[in-house]
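A note on names: the letters A, B, ... follow the listed sequences, proteins ahead of strands, and every chain is numbered from 1.
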Number of protein chains: 4
Amino acid sequence: MARGRKVNSNGEKSKQLLREKAIELFSTNGYYQTKISDIVKAAKVTQPTFYLYFESKDSLFHDLNEQFQQDLFHILEEQLQQQGMQFQKVIENLLQYFASNPLLTKIGLYQSEASYTVKEKLVEKFEQILDGQVENYHNLQRNDIHIVSQSLMGSIERITDTLLLTNRKSAKELAEDLFSIYFVEEAESVVVS
Amino acid sequence: MARGRKVNSNGEKSKQLLREKAIELFSTNGYYQTKISDIVKAAKVTQPTFYLYFESKDSLFHDLNEQFQQDLFHILEEQLQQQGMQFQKVIENLLQYFASNPLLTKIGLYQSEASYTVKEKLVEKFEQILDGQVENYHNLQRNDIHIVSQSLMGSIERITDTLLLTNRKSAKELAEDLFSIYFVEEAESVVVS
Amino acid sequence: MARGRKVNSNGEKSKQLLREKAIELFSTNGYYQTKISDIVKAAKVTQPTFYLYFESKDSLFHDLNEQFQQDLFHILEEQLQQQGMQFQKVIENLLQYFASNPLLTKIGLYQSEASYTVKEKLVEKFEQILDGQVENYHNLQRNDIHIVSQSLMGSIERITDTLLLTNRKSAKELAEDLFSIYFVEEAESVVVS
Amino acid sequence: MARGRKVNSNGEKSKQLLREKAIELFSTNGYYQTKISDIVKAAKVTQPTFYLYFESKDSLFHDLNEQFQQDLFHILEEQLQQQGMQFQKVIENLLQYFASNPLLTKIGLYQSEASYTVKEKLVEKFEQILDGQVENYHNLQRNDIHIVSQSLMGSIERITDTLLLTNRKSAKELAEDLFSIYFVEEAESVVVS
DNA sequence: GATGAATGAGCGTTCATTCAT
DNA sequence: TATGAATGAACGCTCATTCAT
C-alpha cells in the first residue's frame, strides 16, 4: 500500500486542518469525549500525522486555550490604553471577539480547566476599570466592586453561551442590555479613563 | 485480605461511604477524571463492592444529579406556594441549599452535562416570577425579562462558585448583594404573589 | 435485618429446589450462560445457601451429568439382561427415558462435555447388540457395524432433540421410524439375545 | 517490547494469523473458554492488535460462522443446479467440505448457537431433494421424508465428528456407507433432477 | 511529509466463591 | 439452616502514543 507524502500535501495545511477539526470537536464534545482518532478522521489524515504537528492531545488543547487567552488579553490591553473608551464598549468588544470565535470561546471559556483563571483575570480587569468609575455609577456606591465584577462576569458567561453564541442577539445588543441592567442611570456617560 | 464479609461490616454504611467518596471525587475532579478505582480506594473497599450498591459509574453520577435536581425543584416549588414570599428570599434559600450541599452543587451545577437543563429550568422559574412583578421593578420595564433572568442565572452561578462555596460570603449576604445590583430601588417591597 | 434459618425452611427442600432450578437453567441456557446468581434467584435463596449444598458450580453440573449417565446405563443394563428383548424396544425405552427427563437429557446429551463419552459408550452398546444380530439384518451384512452404530447414535441424538423433546412424536413412534429406516425387512423379528 | 510497528510486520498477515489462532482455539475449547488473551498469545501480538482487525470477540465468532454457512450453501446451491447430480455425490461433497475445513466445521456445526439454524436448513434441503425422489427409494415410500432427513442429518453430524474429522474414513467412503444404510437397493440410480 | 502497524497502561465490569453473623 | 457483605481474579475493550517504512 502506498505510503509517504501525499501528492499535493503540505505540512502547514495539514496542521491547520487538524487544528480546526480539533477546535470543532473539542468545543462540541469536550476534551475527554474527543479522541485523537476522531480528530484525525475528521481531518482525513492518520494518527501519526497528528504527532507530527502536536506534542500530545493535552498540549494541543493547552495551545488552543493559550491562544484564546492571548487574544482576549490583547484586546483588553489595547482598549484600556485608549483613553476615553467606554466600559460598555469594552464589554461589547469582548463579546464581539466571542461572537467571531465561537468555537474557541466554547473551549476557552467553558470546556477548559484554564477557564477558571481566565475568568478570574477578567474579573480583576473589571475591578480595575470600575475602581476608577465609582462616582459615575450609583450602583457601585452601594455595592462592593468585587461582587459587581463577579456578578458581571457570570452574566457575560451565561449570556454569551445562551444568546450570543446561539446567534440570538448581537454583541452590541447584549452589551447594551448588560449595561442597562448593571449601570442604569448614567450608562452612556461612563468612560474608561 | 481474606475474602468474604468484613468484621462489623454493614451494607448501608458501605453504600453511604461510597456515595460520599464519589461525591467528593466527582465534585473535585469531574466525571472523567474520577475512576471507580479512586472511589473504592477512598472508601477502602474493592471494586466489586462498588457494583454491589451501584449499577455503574454512569448511573451513580446520574443519580447524584437526579437528587440535586429534585432537591432544587422541591425547594423552589415549596416556596412558590407560599404567598408573600419575596423573590430575594427565594434566591437566598436557593443559595442556602447550595451552601449546605457544596459538593453536590459542584456536580449538579458545574460538572454535569445535565446542568444545562437545570439552569434552563431555573431561568424559566425566574421568568415566571418576574413576570408577575413587572410593575415593582423599574429595571424590568426597560429590560427584557428573559435577559434579566439569564443574567441573574449567570450571576448566581458565578457568585456561588467563587464566593458562596468558598465560604467568603453567606447566602443571605449574597442574596442581598444580588438584589441590590439587579433591583435597586424597591427591592424590599417586592413580593411573590 | 433478619438472618439465620427461615421459618418452615428445610435443608433437603432447598437443595432439591436449587437442583431443579439449576437443571432448568443449565438445560435452556447452557453452562456458561447460567450464573449461580440466576440459579439462586430462581430458587429464592441466597448465594451462600448454594454452597451449603453444592461444592461448586462445576461440581453440581458434574453431578447432574453423573446422574444422567447412571440412569441411562442402568436402563440399558437392565434391558440387556432380559432375554428376548428386541433392539427396537431397547431404543424405545431409551427414548422413553429421554422423553421423561427432557431437561436432564438436554444437559447430559447436548450441553455437557461429558456427552462425548456418553455417546461413545452408547455406540459401544449398540455395537455389542448388533454384533449378535448380523444374520438378522441384511443391512448389517453389507455395512460395517461400527458405522451403523455411529449413524444410529447420530439419528437418535438429532431426532430426540427435534422431534421427541419438542413433543412432536412419541418414543414409540420414533423407535419404529428408526427401525424402519435402519433395519427394513426383518425389523419385527430381531431379538436381543 | 517496544511500542509501535514491528519489523517486517504486515497487517494482512497479522489478521490472518489471529483468525487462524481464533479458529483453532474456538474449535477446540469453545466460545466461552476461549479468551481474547489466549488468541493474541497464540498469535504473539497484544490485545489491542486484536481490535485493530476485529470488532469484538463476538463479532469474530459470528463472522466465522457466517463464512461457514456461506461456504456450505454455496456448495449446495452449486450442486443442485447441476442436472443429474446424484444425492450421494451431494453428500460426499458436503463431507468433502467438512474434511477440508475441519476446524471451521467444528465451530459452525457444533460449537455455535447458529449451528441449529444451519442444520435446520440442511434438513430442508435434504427434504427438497428427497421429495423429487420418492419413487426411486423404497425406503421413502414407507418413511416420512421429514424423519429420514432429520435422521440423515444426525448421522452426518455424528459421523463427521467421529470418523471424518478424525481422519478415520474419507468423505467418499462415508457417503457410500450412509447411502448403503439409508437407500439400500437403488442407491446408484438416484439422480437429482 | 505521511502512513501502516503495533503496544503500554489502564478502565469498567462480572462472577464464582467465602467470611462473619 | 440461612443470610448479609465482601473479595480475588479475571475479562473484554479503549485510547494515547510510537516504531518501521
Side-chain angles (χ1 to χ4, degrees), chain A residues 1-7 9-15 32 34-40 45-53 55-58, chain B residues 1-15 32 35-38 40 45-58, chain C residues 1-15 32 35-40 45-53 55-58, chain D residues 1-15 32 35-38 40 45-58:
Chain A
M1 212 139 290
R3 234 166 302 174
R5 183 174 184 167
K6 268 193 203 159
V7 264
S9 77
N10 168 302
E12 218 34 63
K13 228 173 68 188
S14 290
K15 177 170 186 178
Y32 292 101
T34 301
K35 305 175 216 155
I36 304 275
S37 63
D38 296 333
I39 298 173
V40 300
V45 298
T46 57
Q47 305 222 36
T49 301
F50 178 92
Y51 290 91
L52 219 54
Y53 300 112
E55 235 186 40
S56 67
K57 180 186 177 183
D58 200 72
Chain B
M1 204 176 294
R3 256 201 268 192
R5 184 175 193 164
K6 279 184 191 162
V7 264
N8 268 330
S9 73
N10 169 300
E12 210 43 55
K13 231 174 65 190
S14 292
K15 178 171 185 177
Y32 292 102
K35 322 291 178 191
I36 305 274
S37 61
D38 297 332
V40 300
V45 296
T46 58
Q47 300 230 40
T49 300
F50 178 92
Y51 291 93
L52 217 52
Y53 301 111
F54 307 103
E55 250 193 19
S56 67
K57 178 186 174 181
D58 200 73
Chain C
M1 213 136 290
R3 232 165 301 172
R5 184 174 183 167
K6 267 194 203 160
V7 261
N8 280 333
S9 76
N10 168 301
E12 219 34 62
K13 227 174 70 188
S14 291
K15 179 170 185 177
Y32 292 101
K35 305 174 215 156
I36 304 275
S37 63
D38 296 333
I39 298 173
V40 299
V45 298
T46 58
Q47 305 224 34
T49 300
F50 178 92
Y51 289 91
L52 218 54
Y53 300 111
E55 234 186 40
S56 66
K57 178 186 177 183
D58 200 72
Chain D
M1 203 174 295
R3 256 199 271 193
R5 184 175 194 163
K6 280 185 191 161
V7 265
N8 268 331
S9 72
N10 169 300
E12 209 44 55
K13 231 173 63 191
S14 293
K15 178 171 185 175
Y32 293 102
K35 322 291 178 191
I36 304 276
S37 61
D38 297 333
V40 299
V45 296
T46 57
Q47 300 229 39
T49 301
F50 178 92
Y51 292 92
L52 217 52
Y53 301 112
F54 307 102
E55 252 192 20
S56 66
K57 179 186 173 181
D58 199 75

Legend entry - Those residues that, when tested against D:Asn8, pass side-chain hydrogen bond (donor to acceptor under 3.5 Å, both in side chains) (two or more places apart): none
Legend entry - Side chain of D:Lys35 (C-beta onward), nearest among F:dG8, F:dA16, F:dG12: F:dG12
Inset, instruction - Could you tell me whether the side chain of A:Lys57 and the main chain of A:Thr34 form a donor-acceptor pair under 3.5 Å? - result: yes
Legend entry - C:Tyr32: partners by ring pair (Phe, Tyr, Trp, His ring centres under 6.0 Å), with sequence neighbours left out: D:Tyr32
Inset, instruction - Give the rounded distance in Å between these two atoms: CZ of B:Arg3 and P of E:dC15. - result: 15 Å
Inset, instruction - With DNA chain E as reference, determine whether D:Ser9 or B:Ser37 sits nearer its 5' end, using the nearest nucleotide of each. - result: D:Ser9
Legend entry - Minimum-distance nucleotide to B:Ser56 side chain [options: E:dC11, F:dT21, E:dT13]: E:dT13
Inset, instruction - Name the nucleic acid region contacted by A:Leu52, choosing base, sugar-phosphate or nothing; use a 4.0 angstrom heavy-atom cut-off, strictly under. - result: base
Inset, instruction - Return the value, rounded to whole Å, for the distance between atom NZ of A:Lys13 and atom C1' of E:dA2. - result: 14 Å
Inset, instruction - Rounded to the nearest 0.5 Å, what's the gap from NZ on C:Lys35 to CD on C:Gln47? Could you check? - result: 10.5 Å
Inset, instruction - When you get a sec, tell me which of E:dT18, E:dA5, F:dT17 is the closest nucleotide to the side chain of D:Ser14? - result: E:dA5
Inset, instruction - Check side-chain hydrogen bond (donor to acceptor under 3.5 Å, both in side chains) between D:Asn10 and all other residues, then give those that pass, not counting sequence neighbours. - result: none
Inset, instruction - Using heavy atoms to find the nearest nucleotide of DNA chain E for B:Tyr32 and D:Lys15 separately, return the residue whose nucleotide is more 5′. - result: D:Lys15
Inset, instruction - Measure from CZ on C:Phe50 to P on E:dC19 and round the result to the nearest Å. - result: 17 Å
Inset, instruction - Name the closest nucleotide to the B:Lys6 side chain, picking from F:dT18, F:dC13, F:dA6. - result: F:dA6
Inset, instruction - Can you measure from CD1 (D:Ile36) to OG1 (D:Thr49) and round to the nearest 0.5 angstrom? - result: 12.0 Å
Inset, instruction - Report the distance from atom CD1 of D:Ile36 to atom P of F:dG12, rounded to the nearest whole Å. - result: 5 Å
Inset, instruction - Rounded off to whole Å, could you give me the CZ-to-P distance for the B:Phe54 and E:dG12 pair? - result: 15 Å
Inset, instruction - Between D:Pro48 and C:Thr49, just flag the one whose closest nucleotide in DNA chain F comes earlier from the 5' side. - result: C:Thr49
Inset, instruction - Can you sort out the partners of D:Ser37 under side-chain hydrogen bond (donor to acceptor under 3.5 Å, both in side chains), two or more places apart, ordered by chain and number? - result: none
Inset, instruction - Please state how far atom CG in B:Asp58 lies from atom P in E:dC11, giving the value in whole angstrom units. - result: 17 Å
Legend entry - Gap between atoms NZ and P, on A:Lys57 and F:dC15 respectively (whole Å): 9 Å
Legend entry - Position toward the 5' end of DNA chain F (nearest nucleotide), D:Glu55 or B:Val45: B:Val45
Legend entry - Counterpart residues, side-chain hydrogen bond (donor to acceptor under 3.5 Å, both in side chains), relative to D:Tyr53 (two or more places apart): none
Legend entry - Rounded distance in Å - OH (D:Tyr51) to P (E:dG10): 19 Å
Inset, instruction - Have a look at C:Tyr53 and say if it touches a base, only the backbone sugar-phosphate, or nothing, with a 4.0 Å heavy-atom cut-off. - result: sugar-phosphate
Legend entry - Watson-Crick and G-U pairing of DNA chain E, under 3.5 Å, as dot-bracket with | and [ ]: .||||||||||||||||||||
